[in-house]
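Take a look at the structure below.
Throughout, residue positions are numbered sequentially from 1 according to the sequence presented.
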Amino acid sequence: MEYTSRRNGTYRCGIRCIGVVFVIGAVAIIYHNIHSGITGLGAIGMAIALVFLLVGVAYVKQSFGISAYDLTYHILPEHLKLMTHRGEIIIRYEDITSVTINQPKVDMDYYMIHLLAGKYNLVMHVENAGELANQMYDALIQYTEQTKDEKEA
C-alpha cells in the first residue's frame, strides 16, 4: 500500500518566516532588557522572550524535518518504507510504539495517522481518501501487532 503526502514550498517558507520573526523579536527584547537594565517587569519580559526564542527555533527546525517535504509511505508486510527528499528510510514494525488515527471533524474527508517509532514522530496527512486512510491504519495495526506477538512468543 502506498500514499504520498504532499507539501508545497510555501508551507515551509511560512513556518520558517514565523520562526525567524519569533527569534528576532525575542532577541530584540532580550537585548533591550540587558542594555537598559533588568527590572522586576523586565525579568518577566525576559522569561517570555526566552519562550518565544525557543518556539521560534523549534519552528525553524521543524521546517527542515522530513514531514515538511513530500513524503511517500510504502506500507509493506516486512517494514514501513519512507521515500523522503533526503532518500529512503526503513522503519521496522517492532520499532513502532504507537499508531493512532484521528479525523478532526466528522464532515471532513481528512485523516491524520500518527506514528511514533524511535526518533521519528510522523503524522500522515491523508486528504480526500477516507477509505484508504482506514485501510492504511488497519494494515499498520495488523503489522505492528503481528511483530509484537512474534516478540512475545
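Between the side chain of Q103 and the backbone N or O of M108, at least one donor-acceptor pair lies under 3.5 Å. The main-chain N or O of A117 is never found under 3.5 Å from a side-chain atom of T97 such that the two would form a donor-acceptor pair.
Heavy atoms from other residues, nucleotides or ligands lying under 6.0 Å from OH of Y31 number 12 at most. Under a cut-off of 6.0 angstrom, the local environment of CD in E78 is crowded, with over 12 non-hydrogen atoms contributed by other residues, nucleotides or ligands. Atom CZ of F52 has 12 or fewer neighbouring heavy atoms from other residues, nucleotides or ligands inside a 6.0 Å radius. Annotation: Y59, atom OH; neighbour count of heavy atoms from other residues, nucleotides and ligands within 6.0 Å does not exceed 12.
Rounding to the nearest 0.5 Å places CD1 of I75 at 11.0 Å from CD of Q142. Going from atom CD1 of I90 over to atom CG of D95 covers 11.5 Å, rounded to the nearest 0.5 Å. Taking CG of L132 as the start and CD of E2 as the end, the distance is 10.0 Å to the nearest 0.5 Å.
Defined by atom type and a distance below 3.5 Å, a donor-acceptor pair is present between the side-chain atoms of S63 and R16. When only modelled atom types and interatomic distance are considered, Y110 and H125 share a side-chain donor-acceptor pair under 3.5 Å.
Between V99 and I113, the shortest heavy-atom distance links the atoms CG1-CG2, 4.2 Å. Between Y120 and I89, the shortest heavy-atom contact is OH-CG2, 3.5 Å. When all heavy atoms are compared, the tightest approach of P104 to M112 is CG-CE, 3.8 Å. Scanning both residues, Y143 and P77, for their nearest heavy atoms gives CZ-CA, 3.6 Å. A pairwise comparison of heavy atoms in A133 and V126 identifies CB-CG1, 3.8 Å as the closest pair. Between A26 and A49, the shortest heavy-atom contact is CB-O, 3.1 Å.
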Next on the checklist: Walk me through whether L116 and T100 qualify under side-chain contact (heavy atoms from CB on, under 4.5 Å).
Outcome noted: CA-CA 9 Å; L116 289 176; T100 57; over 6 Å; no

Next on the checklist: Assess the residue pair E88 and K81 against the criterion (side-chain contact (heavy atoms from CB on, under 4.5 Å)); give the C-alpha distance rounded to whole Å, side-chain angles, the decisive distance to 0.1 Å, and a yes or no.
Outcome noted: CA-CA 7 Å; E88 182 178 294; K81 182 168 76 170; 3.5 Å; yes

Checklist entry - Under the side-chain contact (heavy atoms from CB on, under 4.5 Å) criterion, do E131 and N134 qualify, and how do the steps go? => result CA-CA 5 Å; E131 189 172 315; N134 287 317; 5.8 Å; no

Item to check | Verdict with supporting geometry, H114 and N121, side-chain contact (heavy atoms from CB on, under 4.5 Å) | outcome: CA-CA 7 Å; H114 186 207; N121 183 358; 2.5 Å; yes

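The shortest distance between side-chain heavy atoms of Y69 and F64 falls below 4.5 Å. Counting heavy atoms from C-beta on, the side chains of H79 and L76 come closer than 4.5 Å. Contact of the L82 side chain with the T72 side chain is not registered, since no non-hydrogen atoms from C-beta on lie closer than 4.5 Å. Side-chain contact between Y93 and L140: present, with at least one pair of heavy atoms (C-beta onward) separated by less than 4.5 Å.
With hydrophobic clusters built from ILVMFWY side chains whose heavy atoms lie under 4.5 angstrom apart, V60 does not share a cluster with I30. The hydrophobic cluster containing M1 also contains L71, counting ILVMFWY residues as joined when their side-chain heavy atoms lie under 4.5 angstrom apart, directly or transitively. Residues L115 and I101 share a hydrophobic cluster, clusters being chains of Ile/Leu/Val/Met/Phe/Trp/Tyr side chains in contact below 4.5 Å. Using a 4.5 Å cut-off between side-chain heavy atoms of Ile, Leu, Val, Met, Phe, Trp and Tyr, with links allowed through other members, M124 and Y137 fall into the same hydrophobic cluster. Grouping the Ile, Leu, Val, Met, Phe, Trp and Tyr side chains by contacts below 4.5 angstrom, directly or via other members, places F22 apart from L53.
Sorted by first and then second residue, the salt bridge (charged side-chain N to carboxylate O under 4.0 Å, His left out) pairs involving residues 51-75 (not counting sequence neighbours) are R6-D70.
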